[in-house]
Student: 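Structure incoming, see below.
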Amino acid sequence: MDNGKDIKRLSRLTAILTQLQTKRLTKASELAEKFLVTKRTIYRDIKALEMAGVPILVEEGKGYSLMEGYRVSPIMFTESEAYALITAEQLILKNKDSSFVKEYSEAINKIKSVLRNNTKDKSNLLSDRVLFRINSNNNRTSHFLSTIQLAMTNFKLIKIKYQSSENKQSTERSIEPFAMYSTQENWLLIAYCRLRKDFRTFRIDRILDLFTLNEEFEPHDMTMQEYFKICKKKSIS
């Protein structure tokens, strides 16, 4: 028996299980690429997990998923994984959106609660020794990122009061949130604006007020890459 191979496979099986918990559907090809093995190896690993009692569902042509409600708890983090999260926390504390900072801080506290005591102590030491010099005054210029994320993933229409950069006048708009991205200074929201009948980019720090409506909208059949290609064509024409 090759103990090294067995340990490596056990580690991969655990990682596959974690991966299945993080996505609704996971393809064998994605797992094979991630773990640098063949799809045949992944098929064997999935079979091993099923034999161990893990309720894995197969959707033909789409991938694998875990039965609704099945969870493995608690997740144990390695020191390096914990340090990566702690370092990310220090960066996110410099973010200018107050809702994002609040939600991440609460999430990281839950993560810290499952760390081993000696890792907790080391993580707290790291928190005191990592510094990001961006936004040194900890300014908070927007407050709606978390609300927008919920609306975007649940396809809910949102109504905003938005301040123009040109004349500082504000307008009320109903928008369908599509995607968001961050610059060093601000979060930007890409959304279909029903007032302008086209996609627009909104700076979240210029949103004066925001309400999530009960109305749902049809998901946009477009990727971020396709959206930027459309923008590029518009700028050239």
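Being a predicted model, the structure only gives us computed values, none of them experimental. Only this structure's heavy atoms are used, side chains among them; waters, hydrogens and symmetry mates stay out.
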Student: Between the side chains of R173 and T171, does any donor sit under 3.5 Å from an acceptor?
Tutor: yes
Student: Restricting to non-hydrogen atoms, name the atom on S142 and the atom on I204 that form the minimum distance, rounded to 0.1 Å.
Tutor: CB-CG2, 3.7 Å
Student: Around K159, counting heavy atoms of other residues, nucleotides and ligands shown, do more than 12 lie under 6.0 Å from its NZ?
Tutor: no
Student: For M224 and A179, which heavy atoms make the closest approach, and how far apart are they?
Tutor: SD-CB, 3.0 Å
Student: Kindly give the heavy-atom pair with the smallest separation between T87 and F132, and that separation in Å.
Tutor: O-CE1, 3.6 Å
Student: So, K94 and N138: side-chain donor and acceptor under 3.5 Å apart, yes or no?
Tutor: yes
Student: Please test I46 against V58 for side-chain contact (heavy atoms from CB on, under 4.5 Å), starting from the C-alpha separation and ending with a verdict.
Tutor: CA-CA 10 Å; I46 293 294; V58 182; 5.7 Å; no
Student: With rounding to the nearest 0.5 angstrom, report the CZ to CZ distance, R40 to R44.
Tutor: 7.0 Å
Student: Take F202 and Y162, measure what ring-ring contact (aromatic ring centres under 6.0 Å, His included) needs, and give me the verdict at the end.
Tutor: CA-CA 8 Å; F202 301 92; Y162 190 72; 5.0 Å; yes
Student: Is it true that the side chains of H143 and S98 contain a donor and an acceptor less than 3.5 Å apart?
Tutor: yes
Student: Any salt bridge linking D198 with R196? Criterion: basic side-chain nitrogen under 4.0 Å from a carboxylate oxygen.
Tutor: no
Student: Is any side-chain heavy atom of I175 closer than 4.5 Å to a side-chain heavy atom of R194?
Tutor: no
Student: Less than 4.5 Å apart, side chain to side chain, heavy atoms only: is that true for N95 and N135?
Tutor: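 N95 does not reach N135 side chain to side chain.
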Student: Is there a side-chain contact between Y83 and K122 in this structure, where contact means two heavy atoms from C-beta onward sitting under 4.5 Å apart?
Tutor: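 Yes, close enough: below the 4.5 Å cut-off.
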Student: For residues E176 and E215, determine if any side-chain heavy atom of one lies less than 4.5 Å from a side-chain heavy atom of the other.
Tutor: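 No, every pair of side-chain atoms sits at 4.5 Å or beyond.
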Student: Looking at every non-hydrogen atom in both residues, tell me the closest pair between E172 and L195 and how far apart they are.
Tutor: O-CD2, 4.3 Å
Student: Determine whether a donor-acceptor pair (N or O, by modelled atom type, separation under 3.5 Å) exists between the side chain of E103 and the backbone of F100.
Tutor: no
Student: What is the minimum heavy-atom distance between Y104 and E89, and which atoms define it?
Tutor: CE2-CA, 3.5 Å
Student: Apply the test side-chain contact (heavy atoms from CB on, under 4.5 Å) to residues T147 and L210: give CA-CA distance (whole Å), side-chain angles for both, the deciding distance (0.1 Å), then the verdict.
Tutor: CA-CA 9 Å; T147 304; L210 181 148; 3.5 Å; yes
Student: Are L213 and I158 close enough that some pair of their side-chain heavy atoms sits under 4.5 Å apart?
Tutor: no
Student: Would you say that more than 12 heavy atoms from the other residues, nucleotides or ligands in this model lie under 6.0 Å from the CD of E33, or not?
Tutor: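 Result for CD/E33: open.
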Student: Taking atom types as modelled and ignoring hydrogens, do the side chains of T141 and N139 form a donor-acceptor contact shorter than 3.5 angstrom?
Tutor: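 The criterion, which ignores hydrogens and geometry beyond distance, is not satisfied for N139 and T141.
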Student: Any side-chain heavy atom of F217 within less than 4.5 Å of one from Y192?
Tutor: no
Student: Would you say E106 has more than 12 foreign heavy atoms packed within less than 6.0 Å of its CD?
Tutor: yes
Student: Is there side-chain contact between F228 and I190, with at least one heavy-atom pair below 4.5 Å?
Tutor: yes
Student: When you look at NZ of K156, are more than 12 heavy atoms from neighbouring residues, nucleotides or ligands closer to it than 6.0 Å?
Tutor: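 Counting other residues, nucleotides and ligands, NZ of K156 exceeds 12 neighbours.
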Student: Roughly how far, to the nearest 0.5 Å, is the CD1 atom of I207 from the CH2 atom of W187?
Tutor: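 Output value for this atom pair is 13.0 Å.
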